[in-house]
Amino acid sequence: MLPNSSQVRGWIMTSNRPSLPTPGSTGSDLSSSTSSNNSDNNQIPNLHSLQNSSSQLSIKSNSWRASVNFGSKGVSVADSEGFSISRREINDDDARLVYVNDPLKTNETFEFCGNSIRTGKYSVFTFLPRNLFEQFHRVAYMYFLIIAILNQLPQLAVFGRGASILPLASVLFVTAVKDAYEDWRRHKADKIENNRLSSVLVNDRFQHKRSKDIQVGEIVKVSADETIPCDIVVLSTSDPTGVAYVQTINLDGESNLKTRYAKQETLSKVPEKDVISGLIKCEKPNRNIYGFQANMEVDGKRVSLGPSNIILRGCVIKNTDWVVGVVVYAGRETKAMLNNSGAPSKRSRLETHMNREIILLSFFLVTLCIIVSACAGFWLKRHQDELDIMPFYRRKDYSKEQVENYNYYGLGMEIFFSFLMSVIVFQIMIPISLYISMELVRVGQAYFMIRDDKMFDAASNTKFQCRALNINEDLGQIKYVFSDKTGTLTENKMEFQFASISGVDYSGEKIEFYGEQGAYNIQVDGQVWRPKMKVQVDSKLLKLSKTRNDTKSSKEIYDFFLALAACNTIVPIVVNTSNPNEKLIDYQGESPDEQALVYAAAAYGFMLIERTSGHIVIDIQGERQRFNVLGMHEFDSDRKRMSVILGYPDSTVKVFVKGADTTMFKVIDESLNLSVVKSTENHLHSYSSIGLRTLVVGMRALSIAEFDTWQTSYEIASTALMGRAGLLRKVAINIENNLSLLGASAIEDRLQKGVPEAIESLRKAGIKVWVLTGDKQETAISIGYSSKLLTSKMMQIIINNNSKMSCKKSLEDALITSRKLINVTRASEDDESSVALIIDGTSLVYILDSELEEQLFELASKCAVVLCCRVAPLQKAGIVALIKNRTDDMTLAIGDGANDVSMIQMADVGVGISGQEGRQAVMASDFAMGQFRFLVPLMLVHGHWNYQRMAYMILYNFYRNALFVFILFWYVLYTGFTLTTSITEWSSVLYSVIYTAIPTIVVGILDKDLSRKSLMTYPQLYGSGQRKESYNAKLFWVTMVDTLWQSVVVFFIPLLAFWESDIDSSSLGDLWTLAVVFIVNIHLAMDVIRWTWISHASIWGSIIATCICVIVIDAIPALPGYWAIFNLASSGLFWICLLGILIASMIPRFIVKMFMQHCKPCDRQIAREAEKFQNAMEITRNGEIEMNLPHR
Amino acid sequence: MDASTRTRSSSKKPKYSRFTQQELPAWKPILTPKWVITSFVTIAILFTPAGLLCLWASEHVVEIVDRYDDECLPGTFSANPESYIQSKNTNKTCVRTLKVPRKMIAPIFIYYQLDNFYQNHRRYVKSRSDKQLRDPDDADETDDCKPIDHTIGDAPIVPCGLVAWSLFNDTYKFFKGNKVIDIDKKGIAWESDKKYKFGSDVYPKNFQKGALIGGGELDESKPLSEQEDLIVWMKNSALPTFRKLYGKINTDLEANETITVVIQNNYNTYVFGGEKKVALSTANWIGGKNDFFGITFLTVGGVCFLVAINFIVLYVLKPRPLGDPTHLSWNRNQGAQ
């Protein structure tokens, strides 16, 4: 965030109007930085030291360094980057020059892109080559391709042309159709977008032009409720002061209105009459939607432009009749389009492990091929003398004049060819189709996650979002959850609770205004105006605030509420209601804290009803008062406070300051009233200890001399071209001092529904929950208690140090204590009492990236709970990295704000809360949802299912393909090692495409090992994923041994049965085909837990489909196996064979499975039994987790 | 607030359906001890008699097998069998006597059996042209048949390829005393092959005219569809030891009868160390004589029976109530401490 680099108020001198700076011009900047930092509650104590740590971190990992830039909104580090940028002038080389209203000149020197957008990847002509190129980037497809090419060599032609190309072609075709469909939809959307009409100034008149024809430098006019077609710098608006309200929901998801400003120099110009010309020098297109650096030369003057002067593509104009602006970025160079990139791709843990096993399988493959080629070599060597006229070899060709070798290239080459041929024949040992099946299964799993009505948030009307499609199964193996606090654990809906005014605590009884009449309202032109939100008020304070007399306390209360109503950037907007005599005042602003304070002030009779460029109107106890806003120092994370300079109607001038207690007490003149300060501090402590967010308000009257000095320096600072932000900060610090303390406010950020229960569930599931918050320690601890993260039985270790040495010492001490305590706990068999570690950001500065990390890790891994308070965004990522780099455990980070972006990207799984704080976190996340408590169904239910399904599917695919390969291999041993297959080539191709593909995908999507209810009631069942119970090396080897046995049974039973018989190759091949398909499907059927009609249909359907395919293949006279199946099926031996194979192959598996089930039942097994025979467990007990009951 | 109204107007809430909530009605079988024991016992009960039945059926198949490749080799050629078999002048006739062990009821199938003959060898399998066999116009489709595709004079060989070239050409004649036993050579090939794979208007041409004779010759006046010996031979067998149907005897043979077989020992298996046998066999539902299934089924049945007993013992000695929460890992750990 660039802190207000733009508000050059040169016009204060040039304008003849009262020198009132536009409040909102600072407002937008201020509010965005407050809003993003409110989660940190302005508590980051030592920015520079934090920056050190962050820069160290960034050296360590470039990958998320970049991500910080991506989510740089209001991140404190980015804030400071902003300072440095604002001090830097735009270099000519780095600048883009835009001649206002002169698109020709603008576009002649540089080729700026037009406004047409193309999100589609392909055109009709480029589709085939580009799509193929992209598809072949996958290793799997390359493997297919190489095998297919090898097969085309005449010496190696194992399969016919058609059969060898079919698998690759079908995969390519399916993917291409999918890509084409997606691209077609994008093209359609592009077309609509590009043909949207907008008003463009051509020859001094506004004409309708299609959006795609807009060029940089042109002037466009956008009316209310229209979408901005490209990034424009505001020149003038319908508002005489040049304000425009925009909604940025399409850009960042924030629904509240933001204000944008036209420059004084341009706002009075009417484009159709006045000639507008000028030169805008702005930065190159970049993706930072919260930053903009430019200056504009207009009428010989140079004014600078900032983020509040630009409206970005995709925003909607609200509450403003029209806006005129000049296009600076168009088309794909707009910030909205530059941000239009997908989520980063991650690879799931299961897939990483699977790749390890795939390497093993390729060793198997190579071994089989070596065996075959070596044997082939021996065979040829042994029969060397006979080969020439051997009836089934006939090396010599006598048909020519000269007798020569036919198709024989010497022993060495023959061995080499056999090797390559065996690779071709055994190719499906590497289950390439598995990658495609996995993708399909993940899409299916995502479908069910998205449509789960228990993860739908009714309050914000948001569905679960699955942004990353390749880590579904990781959700079932999480060991650590890192959670943000504000907006994640809490609602981020601020509610004013208590006030301490002049040392008097008003936290008494509340009156609730739920009735229509009770709420405070005012009469305007016979209408009733009421604030939109109702606030609970303190009856005593309400009474006091209503009495106007000159007592000191009454005045202080007056000043306090005036400060709350005035010292902010809130814009009141009057909304019509269904009742014509009633209007609601909606306070729009980006900081929920400020909104809460203004609503509170309104409830006590200080209702802000108007904010225009230079003044505010406050209705004080029914009496309208107008105050001039003479200046405003916006919030920054260094000062952690903001101030506003108000000109009273009686022309006295006062500065009101509001900010975090840490920095406010430094600027409060304690000598004025020490006891008030002391008691306020006590109150603050008690507020924060019950989890409230506190702000301190102070005030000072300014003498005329003081005001004049301030005004001069303020003007100089705000018109400075170099280092404006720093200068302004200095001015602010000069004026914000010697304040008298007015009081303090306490705002509650309520816990989200179901958070304590969710945390309890996660803890039971063996997941460690860490809370990383920017809040101060007391607040963090109190939230810890209320969310049941901390319990009174826990022992707290607090590390809160200011130097490396002291950090080291406290870490060592803590380690000793924790060790002791854990020993004690073990002895006492009481697992409730455990250690909680509370550590603050300052200490982390010294610990992260130093040798102390190791100790912290050791300590943290012993603790049941870790609370990190006052941490900076990059530290959050650093903490995640601390765990991720040292353990094999899976991490999940959940957060809602821009400050969580780095953490979300660092963790194995990132979850974004689509809540109050915009969409930055969601954009960076893998999964997004509305509420923290949905984490429980997400991980415990869907994560568990996804993991079990995917793990099983991978093993099953290994088994399925290996079984087939082993059968081919055994047969090769009986063909003189010549890689003949008795199974027809079509059947071997269709084996993994039709015969066995669908059931595994269906089971991978639909099978449920346990019901949702059991999983929610017994969170411990989640442990099976953490312990990798469903996919590990042991299971892999067991599966392979089973595969070997089954292949032996399938192959050798028919072999021995038909040895010395007149069976032909095709018939035996058909028998093997049917047997292997039956077995593979029965094997799957034995492991299916829930038989829905879909599983029945797919498994039995596959078997039937196989039979039909085999029959069809054998009904084609051109193929060698013509009519084989019919002859075969008429013999009794065939059926006996099939039955024998089925039973004999499954028996060992069945015995082992039953034995393990009885003697070493896993948790899932017991729970499954309990589910069915509800006798033992009281499964009917309601789950502790709040669940939305499905309505039927 | 207005949350409720908003929800009502444009709620994105997923529509409830049993499918999307993954709550489709389902059958969730759990194999309880009862089921396990029942299934093993059932398999045992089914397989043991089935095995016995197979053995019994196999026992009722009467089979006479006689290896003659070595016996029919005159002693003078024993060191050099190839010169004997390749020579046109040696006497190939060989007489074998067989004893019928039990009564053989017609039809009795006559097979020749070759050992160590890789009819499934890659070079061999591919060396044929199915098109040529079907259609007289495709006589030139001989690409796959090399090196036995054309004569030196470049005329296509019909049928071409190694498979046809190596046609088995030993002949058998059976005598009961001095009486000839009729051999029915009709209907030994598959009807489907005769109808669709071997054309009734395709006649052998240039067959076995090359420098090297691989085996039998064909009657050039008979279309391929009537050359049943060729059709049988060209049905590639799956395994290197195989039998092929030679003909059928439609009269019963009594027990202890002696029959004489007069063999024309033409076919060269000496070159690759193969064996030749002649086999007479009756057939029933199990096919030929085959004890393998009986033994396998009995084994499976027996194993299942043993397993069932083991499981019964296990369930009695170490019972585990189904769904007993004390066995859950987290409860177990607590108990252990």
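Everything quoted here is computed from the prediction, not taken from an experiment. Each chain gets a letter, A, B and so on, in the order its sequence line appears, and its residues count up from 1.
Taking both residues in full, the closest heavy atoms of B:Leu239 and A:Trp1059 are given as CD1-CE3, 3.9 Å, listed atom of the first, atom of the second, then distance. In this structure, B:Trp165 and A:Pro391 approach most closely via the heavy-atom pair CZ3-CA, 3.8 Å. For the pair B:Arg123 and A:Phe392, the tightest heavy-atom approach, listed with the atom from each and the gap, is CB-O, 4.0 Å. Nearest heavy atom pair, residue B:Pro29 against residue A:Ile1089, reads CD-O, 3.7 Å. Between A:Arg1168 and B:Ile30 the shortest heavy-atom distance is O-CD1, 3.4 Å. Across all their heavy atoms, A:Met1154 and B:Phe311 have their closest contact at CB-CZ, 3.6 Å.
Counting heavy-atom pairs closer than 4.5 Å to chain B, the top-ranked of the candidates A:Trp1093, A:Phe1126, A:Phe977, A:Trp945 is A:Trp945. Counting heavy-atom pairs closer than 4.5 Å to chain A, the top residue among B:Val125, B:Asp130, B:Leu31 is B:Leu31. Across B:Pro321, B:Ser237, B:Ser166, the residue that shares the most heavy-atom pairs under 4.5 angstrom with chain A is B:Ser237. The most heavy-atom pairs under 4.5 Å with chain B, out of A:Met390, A:Lys396, A:Arg1090, come from A:Arg1090. The candidate from B:His327, B:Glu191, B:Lys244, B:Gln119 with the greatest count of non-hydrogen atom pairs under 4.5 Å with chain A is B:His327. When each of A:Ile1094, A:Val158, A:Asp385 is scored by its heavy-atom pairs under 4.5 Å with chain B, the top score falls to A:Val158. Per-residue heavy-atom pair counts under 4.5 Å with chain B were compared for A:Asn1127, A:Thr1092, A:Asp452, and the maximum is reached by A:Asn1127. The candidate from A:Leu387, A:Ile450, A:Asn407, A:Leu1119 with the greatest count of non-hydrogen atom pairs under 4.5 Å with chain B is A:Asn407. The greatest number of non-hydrogen atom pairs below 4.5 Å with chain A, out of B:Phe293, B:Phe297, B:Phe242, is found for B:Phe293. Chain A forms the most heavy-atom pairs under 4.5 Å with one residue out of B:Phe47, B:Tyr111, B:Phe109, and that residue is B:Phe47. Listed options A:Thr980, A:Asp1062, A:Thr462, A:Asp1064 were ranked by heavy-atom pairs under 4.5 angstrom with chain B; first place goes to A:Asp1064.
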- Task: Test B:Thr241 against A:Phe1058 for side-chain contact (heavy atoms from CB on, under 4.5 Å), laying out the working first.
- Result: CA-CA 10 Å; B:Thr241 294; A:Phe1058 290 103; over 6 Å; no
- Taking it one step at a time, do A:His383 and B:Phe272 satisfy ring pair (Phe, Tyr, Trp, His ring centres under 6.0 Å)? CA-CA 8 Å; A:His383 296 275; B:Phe272 53 88; 8.6 Å; no
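Contact of B:Ser17 with chain A is not made at all, since no heavy-atom distance falls under 4.5 Å. Heavy atoms closer than 4.5 Å to chain A are found in the side chain of B:Lys277, but not in its backbone. In this structure, the portion of A:Ile1005 lying under 4.5 Å from any heavy atom of chain B is its backbone and not its side chain. The contact between A:Leu1068 and chain B is made entirely by side chain atoms (from C-beta outward), counting heavy-atom distances below 4.5 Å. With a 4.5 Å cut-off on non-hydrogen atoms, B:Gln113 touches chain A through its side chain but not through its backbone. Residue contact with chain B, scored on non-hydrogen atoms closer than 4.5 Å, involves the backbone and the side chain of A:Cys1137 alike. When heavy atoms are compared at a cutoff of 4.5 Å, A:Ser1067 approaches chain B solely by way of its side chain, counted from C-beta outward. In this structure, chain B has heavy atoms under 4.5 Å from both the backbone and the side chain of A:Thr975. A:Ile1147 touches chain B through its side chain: at least one heavy atom from C-beta onward sits under 4.5 Å away, while N, CA, C and O do not. For a residue to count as touching a neighbouring chain, one of its non-hydrogen atoms must lie under 4.5 Å from one of that chain's; by this rule B:Lys131 does not touch chain A. Only the side chain of B:Arg134 comes within contact range of chain A, with at least one heavy atom under 4.5 Å from a heavy atom of that chain. Of the atoms belonging to A:Arg1027, it is side-chain heavy atoms, and not backbone ones, that fall under 4.5 Å from chain B.
Side-chain atoms of B:Ser39 and A:Phe1150, non-hydrogen and from C-beta on, do get closer than 4.5 Å to each other. Residues B:Leu314 and A:Phe1155 meet the side-chain proximity criterion, which asks for heavy atoms closer than 4.5 Å. B:Gln86 has its side chain within reach of A:Ile389: a pair of non-hydrogen atoms, C-beta onward, lies under 4.5 Å apart. The shortest side-chain heavy-atom distance between B:Phe292 and A:Ile1053 falls under the 4.5 Å cut-off. A:His942 is listed as a side-chain neighbour of B:Gln22, based on a closest heavy-atom distance under 4.5 Å.
Taken from NE2 in B:His121 to CZ in A:Arg394, the straight-line distance is 14.0 Å, to the nearest 0.5 Å. From A:Tyr971, atom OH reaches atom CG of B:Asn120 across 4.0 Å, with rounding to the nearest 0.5 Å. To the nearest 0.5 Å, the span separating CG on B:Leu46 from CD1 on A:Ile1143 amounts to 8.5 Å. Note: B:Ile148 CD1 to A:Tyr406 OH = 10.0 Å, rounded to the nearest 0.5 Å. Here the OG atom belonging to A:Ser418 is positioned 10.0 Å from the CZ atom belonging to B:Arg122, to the nearest 0.5 angstrom.
Between the side chain of A:Ser1065 and the backbone N or O of B:Asn236, no donor-acceptor pair lies under 3.5 Å. Not a single donor-acceptor pair under 3.5 Å links the side chain of A:Arg1012 to the backbone N or O of B:Gln21. One N or O on the side chain of B:Arg243 and one on the backbone of A:Glu1060 form a donor-acceptor pair closer than 3.5 Å. Put simply, the side chain of B:Lys13 never gets that close to the backbone of A:Phe456: no donor and acceptor are under 3.5 Å apart. Checked by atom type and distance alone, the side chain of B:Arg320 pairs as donor or acceptor with a backbone atom of A:Gln1157 at under 3.5 Å. The closest donor-acceptor contact from the side chain of B:Lys197 to the backbone of A:Pro1117 lies under 3.5 Å. Not a single donor-acceptor pair under 3.5 Å links the side chain of A:Asp453 to the backbone N or O of B:Pro14.
Side-chain atoms of A:Asp1163 and B:Ser329 include a donor-acceptor pair closer than 3.5 Å.
Checked against the 6.0 Å centroid criterion, the rings of A:Phe448 and B:Phe19 qualify as a close aromatic pair. Aromatic rings of A:Tyr393 and B:Tyr118 (six-membered ring for Trp) have centroids beyond the 6.0 Å cut-off, not under it.
Ring geometry for A:Tyr1122 versus B:Tyr196: interplanar angle over 60°, hence perpendicular rather than tilted (30 to 60°). Relative ring orientation between B:Tyr315 and A:His1158 is described as perpendicular, the plane-to-plane angle rising above 60° on a 0-90° scale split at 30° and 60°.
No more than 12 heavy atoms of other residues, nucleotides or ligands lie within 6.0 Å of CH2 in B:Trp35, so this atom counts as exposed by the packing criterion. Within a 6.0 Å radius of NZ in A:Lys1153, other residues, nucleotides and ligands contribute more than 12 heavy atoms.
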